[in-house]
Student: 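Handing you this structure, nothing more for now.
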Amino acid sequence: MQVIILPSTHDVALYAADRVVDVINTKTNPVLGLATGSTPIALYEELVARYQAKQVSFRQAVSFNLDEYIGITDSHEQSYRTFMNQHLFDHIDIAKSNTHVPLAESKDAIVLKKSAQDYEASIQQAGGIDLQILGIGLNGHIGFNEPTSSFASRTRIKTLSESTVAANKRFFKAGEYQPQLALTMGIGSILDSRAVLLMATGKAKAEAVKAMIEGPLSAMCPASALQLHEATTIVLDEDAASLLALKDYYQWCELKRQQLYEGSLT
Ligand code: PGA
């Protein structure tokens with residue numbers, strides 16, 4: 001894994017934006033895997049700013065989001081479709097028809113299973129994901145792949161863990177229906193992406209980050225599955241990196257990489 005430790009959350013967003021723009025500008029039909037949550041908001045703000053500054057166009061881009069709550073409409077205030085429209089899609093030139101978020105409004109298992117299969121098929125049809133953006137949950141989840149998710153899992157129905165429901169409670173009004181199930185891309189689906197970029201910021205994520213990078217491969221930390229991916233970058237602020245045992249080594253690696261590419265290696 002490439003582990004990059006940057007001074008601030010803003011630097012993490014800038015780094016992620018550079019990677020996204022690089023995919024957009026080097027591929028003819030770029031396919032992005034996108035994530036919701038508070039962490040990628042700064043990335044989306046930066047992408048909107050670069051679009052407004054005419055530094056990037058998303059006209060050729062296709063996107064697939066990781067997950068969606070089951071049982072609420074697309075237009076619900078808390079749906080991940082609404083989140084993506086509000087934070088990114090409404091402000092850039094991507095064709096809405098090229099943006100995909102799992103369709104999970106139904107509460108019928110057969111309809112949901114078909115929707116999950118169709119989602120996998122449309123990722124394939126688009127040629128697979130070039131760059132998958134991820135956050136990490138306090139419990140080590142990626143997408144809504146909660147602890148004990150299979151490393152081979154595909155897009156499917158998943159019951160949210162108690163800690164995830166509690167962490168997301170703040171977004172729902174008192175007494176409002178809060179979904180406890182989601183349709184999520186699987187860990188196997190995520191590992192199929194050509195490259196993965198996981199962003200984590202803040203002290204609260206330090207334990208999960210340590211388990212992901214330095215812990216054993218374990219279904220108890222779904223993000224540890226990324227150790228199996230040959231092109232994973234983990235980009236962290238100082239707080240999220242604070243518990244890493246080999247922090248100095250990761251910084252040393254980045255220095256050597258820079259020197260190698262700049263031709264200044266001694
Ligand atoms: P957060 O969520 O970015 O809001 O911390 C990350 C996640 O649960 O995947």
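Computed over heavy atoms, backbone and side chain alike; hydrogens, waters and symmetry mates excluded. Here the structure is a predicted model, which is why all the values come from computation and not from measurement. Both ligands and their constituent atoms are indexed starting at 1 by order of listing.
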Student: Run the salt bridge (Lys or Arg N to Asp or Glu O under 4.0 Å) check on Arg154 and Asp192 step by step: do they pass?
Tutor: CA-CA 10 Å; Arg154 313 301 308 185; Asp192 281 351; 2.8 Å; yes
Student: Taking the ring centre of each residue, are Tyr69 and Phe144 less than 6.0 Å apart?
Tutor: yes
Student: Can an N or O of Thr36 be found at a distance shorter than 3.5 Å from an N or O of ligand 1?
Tutor: no
Student: Looking at Gly37, which atoms of ligand 1 are within less than 4.0 Å of one of its heavy atoms?
Tutor: 3 (O), 4 (O)
Student: Identify the protein heavy atom lying closest to atom 6 (C) of ligand 1, giving its residue, its atom name and the separation to 0.1 Å.
Tutor: Ile136 O, 3.5 Å
Student: Looking only at the aromatic ring of each residue, does the gap between the centers of Phe64 and Tyr119 stay below 6.0 angstrom?
Tutor: yes
Student: Who's the nearest protein heavy-atom neighbour of atom 8 (O) of ligand 1, and how far?
Tutor: His141 NE2, 2.7 Å
Student: For Met199 and ligand 1, answer yes if some heavy atom of the residue is under 4.0 Å from a ligand atom, otherwise no.
Tutor: no
Student: Whether Lys158 and Asp67 form a salt bridge (side-chain N of Lys/Arg under 4.0 Å from carboxylate O of Asp/Glu) is what I want to check.
Tutor: no
Student: Would you kindly say whether Lys114 and Gln117 are connected by a side-chain donor-acceptor distance under 3.5 Å?
Tutor: no
Student: From atom 4 (O) of ligand 1, work out which of Ser38, Gly202, Gly140 has a heavy atom at the shortest distance.
Tutor: Ser38
Student: Inspect the contact between Glu45 and Arg50 and indicate whether a charged nitrogen and a carboxylate oxygen are less than 4.0 angstrom apart.
Tutor: no
Student: With heavy-atom distances below 4.0 Å as the criterion, list the atoms of ligand 1 near Gly137.
Tutor: 7 (C), 8 (O), 9 (O)
Student: Give every donor-acceptor pair under 3.5 Å between a side-chain atom in residues 203-213 and any protein atom, sequence neighbours left out.
Tutor:
residue, atom, partner, partner atom, Å
Lys205, NZ, Ile136, O, 3.0
Lys210, NZ, Glu214, OE1, 3.0

Student: For atom 3 (O) of ligand 1, what's the nearest protein heavy-atom neighbour? Residue, atom name and distance, please.
Tutor: Thr39 OG1, 2.5 Å
Student: Among all protein heavy atoms, pick the one closest to atom 5 (O) of ligand 1 and tell me residue, atom and distance.
Tutor: Lys205 NZ, 2.5 Å
